[in-house]
There are 2 protein chains.
Amino acid sequence: MLKDRVKAKLEEESYRLTPQRSAVLDVLIANADDHLSAEEIYMHTKKLHSEIGLATVYRNLELLEKLGIVHRFDYGDGQSRYEIKLGGEEEHYHHHLICKQCGYIGEFHSDLLEAIEQRIEEESGFQVTDHCLRFFGLCAQCRKKSST
Amino acid sequence: MLKDRVKAKLEEESYRLTPQRSAVLDVLIANADDHLSAEEIYMHTKKLHSEIGLATVYRNLELLEKLGIVHRFDYGDGQSRYEIKLGGEEEHYHHHLICKQCGYIGEFHSDLLEAIEQRIEEESGFQVTDHCLRFFGLCAQCRKKSST
DNA sequence: GTTAATGCAAAACATTTGCATGATA
DNA sequence: TATCATGCAAATGTTTTGCATTAAC
């Protein structure tokens, strides 16, 4: 189970799985596809553990990111989004589709970057360890709407 | 000349090429490869037009972005970076290499995303109009340093 | 003379930090 | 009991806004 793995990873580095931390994790797991902001995670977490503070949410997200459990990214709208990493090879090939009209965020999987990364290392000596690929445009729904 | 084109585009929508706006543009053109932050652009612009205010720089960057003259992006370090679009087909295929150790920002050109974008439209109906691709890792210099 | 643009200061916003308190191994 | 974690409030840093003034067409 995902949460057991996380707990083990935490204890490995002598961090504790406090009720607050656990609640944040539960929220992240329950909304694994929703790309929540810190504020949204805070709101959800309050339902599970009402006394939590926003700073605690931020601190836990930071820790979970440091431990490689959570992935943090942004769309240039001034706030970070967080997503739990489910593990597995496909993780690396998971990109985002962002609708400029309605803000919808979708996902797309492809390993086509492999070739580019290899070429980068060969041509420039830059060693790629990670990437971030986002596509902007119009989602299917907004296309339909704007064509009517 | 790039600046004439920008001026034409501004006037097309009845915006004015004020001395401040002109100075911001000059800075962007002179530092086209440097991925400056708003604060840095402000500092440079003050040398050309000392009475300019930071808010004016922000307002002009926002306008230039809206007009498609400037590209805004960020690296998750809490501030936006700005880059003038030089025009041309290759613009779209221009990506960033970001060194996690020294903060160096390089560029890389490739049109390999074309195929992915086509696939996205076919598979999900999402119409891609733009993308943002960033590679994180170690630049050649930092690799050398860390291996010694 | 209209309208757009500016400078300044204040506000807004997301995020981080200090610190005393509380909980956990 | 030593250490980690929390809550709150204050601080930070970037970006935006209000408003009276100024400049451009």
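Only this structure's heavy atoms are used, side chains among them; waters, hydrogens and symmetry mates stay out. Every chain is numbered from 1 and lettered A, B, ... according to where its sequence line falls, protein lines coming before strand lines.
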B:D77 has an atom CG; how far is it from atom P of D:dG13, in whole Å? 13 Å
Please identify each residue that fulfils side chain to side chain donor-acceptor pair (under 3.5 Å) with A:H44, with sequence neighbours left out. none
State whether the side chain of A:H95 and the backbone N or O of A:C132 hold a donor-acceptor pair below 3.5 Å, judged by distance alone. no
Between CD of B:Q79 and P of C:dA14 the distance, given in whole Å, is 18 Å
What residues, two or more places apart in sequence or in another chain, satisfy side chain to side chain donor-acceptor pair (under 3.5 Å) together with A:E122? none
With a 4.5 Å cut-off on side-chain heavy atoms, are A:F136 and A:R134 touching? yes
From OH of A:Y42 over to P of C:dT16, roughly how many Å is that when rounded to an integer? 16 Å
B:C139 side chain reached by B:L97 side chain, heavy atoms, under 4.5 Å: no
Walking DNA chain D from its 5' end, the first of B:P19 and B:G78 to be reached, judged by nearest nucleotide, is B:G78
Do you see a donor-acceptor pair shorter than 3.5 Å between the side chains of B:S80 and B:R72? yes
Separation of C:dA14 atom P from A:E40 atom CD, nearest Å, is 11 Å
For DNA chain D, determine which residues of residues 6-15 of chain A have any heavy atom closer than 4.0 angstrom to one of its atoms, and list them numerically. A:S14, A:Y15
Spell out yes or no: do the side chain of B:R16 and the base of D:dC25 have one donor N/O and one acceptor N/O closer than 3.5 Å? no
Could you pull out all residues at least two apart from A:E121 that satisfy side-chain contact (heavy atoms from CB on, under 4.5 Å)? A:Q127, A:V128, B:R143
For A:K66 and D:dC4, what is the distance between atoms NZ and C1' respectively, to the nearest whole Å? 12 Å
Can you list, in residue-number order, the parts of residues 45-53 of chain B that come under 4.0 Å of DNA chain C, counting heavy atoms only? B:E51, B:I52, B:G53
What is the distance, rounded to the nearest whole Å, between atom CG of B:D74 and atom C1' of C:dT15? 14 Å
Can you pull every protein N or O that's under 3.5 Å from an N or O on nucleotides 18-22 of chain D?
{"unit_1": "D:dG18", "atom_1": "O6", "unit_2": "B:R59", "atom_2": "NH1", "d": "3.3"}

So, OP1 or OP2 of C:dA4: does either fall under 4.0 Å of a side-chain N or O from B:R21? no
For the pair made of CG in B:L54 and P in C:dA12, what is the distance, rounded to whole Å? 18 Å
Mind checking side chain to side chain donor-acceptor pair (under 3.5 Å) for B:D26 and listing every partner two or more places apart, or none if nothing turns up? B:K3
Run the ring-ring contact (aromatic ring centres under 6.0 Å, His included) test against A:H96 and tell me which residues pass, sequence neighbours left out. A:H35, A:F73, A:H94
Residues that B:R5 engages under side chain to side chain donor-acceptor pair (under 3.5 Å), provided they are two or more places apart: none
Is the side chain of A:S50 donor-acceptor paired with the backbone N or O of A:K46 at a distance under 3.5 Å, no angle test? no
Has B:Q20 got a side-chain N or O lying under 4.0 Å from the OP1 or OP2 atom of C:dG7? yes
Does any non-hydrogen side-chain atom of A:E39 lie less than 4.5 Å from one of A:L54? yes
The criterion is side-chain contact (heavy atoms from CB on, under 4.5 Å); which residues satisfy it with A:D111, sequence neighbours excluded? A:Y93, A:E114
Could you tell me whether the phosphate oxygens of C:dA5, OP1 or OP2, come under 4.0 Å of any side-chain nitrogen or oxygen in B:T56? no
note: B:Y58, atom OH; D:dT15, atom P; distance rounded to Å ~ 3 Å
Donor-acceptor list for residues 55-70 of chain B side chains, cut-off 3.5 Å, not counting sequence neighbours:
{"unit_1": "B:N60", "atom_1": "OD1", "unit_2": "B:R21", "atom_2": "NE", "d": "2.6"}
{"unit_1": "B:N60", "atom_1": "OD1", "unit_2": "B:R21", "atom_2": "NH2", "d": "3.2"}
{"unit_1": "B:N60", "atom_1": "ND2", "unit_2": "B:T56", "atom_2": "O", "d": "3.2"}
{"unit_1": "B:K66", "atom_1": "NZ", "unit_2": "B:Y15", "atom_2": "OH", "d": "2.9"}

Short of 4.0 Å, heavy atom to strand atom, which residues of residues 22-39 of chain A count as contacting DNA chain C? A:A38
